[in-house]
Amino acid sequence: MDFRLTEEQRMWRGSVRRFACDKLFQAAFIHDEAQTFAVELLPEMKELGYWGAFVPLEYGGAGGDNFLWVLMMEEVGRVDGGMGIALLSHANCVRSIMIMGSEEQKRKYLPGLSGKGGVAGFALTEPDAGSDAAAIVSTAVRRGDKYILNGSKAFVTNAGIADVYIVFAKTDVKTGAGGISAFIVDADAPGLSIGSMENKLGVRTCATGEVILDDCEVPAEDLLGRENYGWKDLMEMFAVQRLGIAAIAVGTAQGALDWALSYTTERPAFGKMVSGFQGVQWMLADMKTQIEAARMLTYRGADLADRRMPHRQEAAMAKVFASEMCMRVTTDTVQLFGAHGYCKSFPVERYFRDAKMYAVGGGTTQILRTLIARDMIKEVQDRK
């Protein structure tokens, strides 16, 4: 399998890299400290097609595929993991509409979210339903031509800045995953409000908070897909989402390694550059090797998704390996920087803080290992 980039892919990656280095890099320092989202960058990101990278042209998107999207997520993650997570949450919503939505819903919502600068927030997790997402208790009850939603959503990325939310709620409380439905909910819908915002360790440049539903009124035509079928469609979307997190992790690790190489080849110690010590060289070599391995796992998953081949297991493996690799690489980078790595003068301490999020969000590494093992066991049983 050849993952050498085409000319189009190289041009796209180069465009994202220039934006990330020229605009996003400095903004990340400011917004990480203030724990705010860089709304000033939205117009340019809209023009560059980032919010609808994989959305077909007919719906106002950039017309790319999953592979181009993964390249973009990697380059953004190389500079600012928080912006990567914001893009990921938005992409989850857009994919949900593409997978589950009617033609009317696609034409109503996708152009605004793909090419006109609209932002979306994905509201699934609840205070007592994280990895066990099927345990959500928010409800949606049909009353005439509306659904009435009640509940509280936690850790919603883009909370407070989103124009639209994709909300999952129980339409049949007697069933587990089989009773979950999805809804498109406008940010100004009656009964929707923003609760407390999270004060986070890392990815502080994306907004994360509560979305509260208090007799929230949603038109019946904004039910996304069929009633009680939201969970099945959600599982399809999750696979590609995990590739997005893996790509951000690869980018963050690559950014850390770039800084580590720059620092160790310029910093003198004991009569030679830090990079001249064999122990340091072995650390750098291990970092590079692990990054390349994670990158290939991620690219393979994206390639399979674009060819409409099974990729759930591959996406889970990519996410597990890339997120844990990123924690190792960013930890080693701080170590190589010494005291400088522990201070905010360099971005490596931010990479170190951001990395932990990738192993937690979108399915913990423990949950994903369980899913991988289940698939392996099922394959054996199916052959018997």
Side-chain angles (χ1 to χ4, degrees), residues 1-21 24 45-46 48-81 83-99 110 113-115 235-255 290-323 325-326 358 362-363 368:
M1 191 173 295
D2 186 359
F3 288 130
R4 286 176 295 183
L5 301 186
T6 65
E7 183 63 24
E8 177 191 10
Q9 290 166 343
R10 285 195 298 269
M11 290 177 62
W12 169 255
R13 184 181 64 179
S15 171
V16 180
R17 185 173 295 179
R18 285 191 296 273
F19 168 79
C21 293
L24 190 56
M45 294 177 72
K46 175 196 73 174
L48 291 169
Y50 296 169
W51 296 99
F54 55 85
V55 177
L57 295 172
E58 62 182 300
Y59 297 120
D65 55 18
N66 290 304
F67 201 92
L68 285 177
W69 178 69
V70 159
L71 290 176
M72 178 190 76
M73 299 298 278
E74 181 182 341
E75 291 301 322
V76 170
R78 193 171 186 168
V79 171
D80 181 10
M83 180 60 79
I85 295 298
L87 282 164
L88 181 69
S89 179
H90 175 87
N92 290 345
C93 298
V94 172
R95 286 187 198 281
S96 296
I97 296 173
M98 290 176 62
I99 293 170
L110 290 181
L113 295 175
S114 301
M235 291 302 101
E236 181 181 347
M237 187 277 299
F238 265 168
V240 183
Q241 178 224 32
R242 287 162 186 156
L243 292 172
I245 297 181
I248 299 169
V250 169
T252 299
Q254 183 65 61
Q290 293 174 59
I291 291 170
E292 286 300 321
R295 180 176 283 125
M296 289 301 102
L297 277 171
T298 305
Y299 286 4
R300 178 171 179 252
D303 178 67
L304 288 172
D306 283 332
R307 288 191 282 136
R308 298 185 180 278
M309 295 179 67
H311 57 279
R312 186 178 75 165
Q313 189 177 92
E314 287 76 9
M317 291 189 294
K319 201 265 190 188
V320 168
F321 187 81
S323 60
M325 172 279 297
C326 188
Y358 313 146
L368 294 186

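For the single chain, residues carry numbers from 1 onward in sequence order. Here the structure is a predicted model, which means the values were calculated and not measured.
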Are more than 12 heavy atoms, taken from residues, nucleotides or ligands other than R308, located less than 6.0 Å from that residue's CZ atom?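 Open.
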
Tell me, yes or no, whether the heavy-atom count around M296 atom CE, taken from other residues, nucleotides or ligands under 6.0 Å, exceeds 12.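 Correct, the count exceeds 12.
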
Side-chain contact test, heavy atoms from C-beta onward, threshold under 4.5 Å: evaluate it for [X] versus [Y] and give yes or no.
X: V76; Y: I248; answer: no
X: D65; Y: F54; answer: no
X: Q241; Y: R95; answer: no
X: Q313; Y: L304; answer: no
X: W12; Y: L48; answer: no
X: Y50; Y: V16; answer: yes
X: V240; Y: H311; answer: yes
X: L297; Y: E314; answer: no

What distance do [X] atom [atom1] and [Y] atom [atom2] have between them, rounded to the nearest 0.5 Å?
X: C21; Y: R78; atom1: SG; atom2: CZ; result: 7.0 Å
X: E292; Y: M325; atom1: CD; atom2: CE; result: 9.5 Å
X: L71; Y: R13; atom1: CG; atom2: CZ; result: 7.0 Å
X: R242; Y: M237; atom1: CZ; atom2: CE; result: 9.0 Å
X: Q254; Y: C326; atom1: CD; atom2: SG; result: 11.0 Å
X: S96; Y: N92; atom1: OG; atom2: CG; result: 6.5 Å

Which atom of [X] lies closest to which atom of [Y], heavy atoms considered:
X: L368; Y: G363; result: CD1-O, 3.8 Å
X: G49; Y: A62; result: O-CB, 4.0 Å
X: R10; Y: L5; result: NH1-O, 2.6 Å
X: G84; Y: M73; result: O-CE, 3.3 Å
X: L243; Y: T298; result: O-CG2, 3.7 Å
X: K319; Y: Y358; result: NZ-O, 2.7 Å

So, D306 side chain and N66 main chain: donor-acceptor pair closer than 3.5 Å or not?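 Present.
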
What verdict does the side-chain contact (heavy atoms from CB on, under 4.5 Å) test give for M45 and F19, after you've listed the backbone C-alpha separation in whole Å, the side-chain angles of each residue and the deciding distance to 0.1 Å? CA-CA 9 Å; M45 294 177 72; F19 168 79; 3.4 Å; yes

Are E74 and R295 within salt-bridge range, i.e. N to O under 4.0 Å?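 Salt bridge present between E74 and R295.
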
Parallel, tilted or perpendicular, as decided by the 30° and 60° cut-offs, for the rings of F3 and F67: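 Parallel: the ring planes of F67 and F3 meet at under 30°.
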
Apply side-chain contact (heavy atoms from CB on, under 4.5 Å) to F238 and R312, showing your working. CA-CA 8 Å; F238 265 168; R312 186 178 75 165; over 6 Å; no

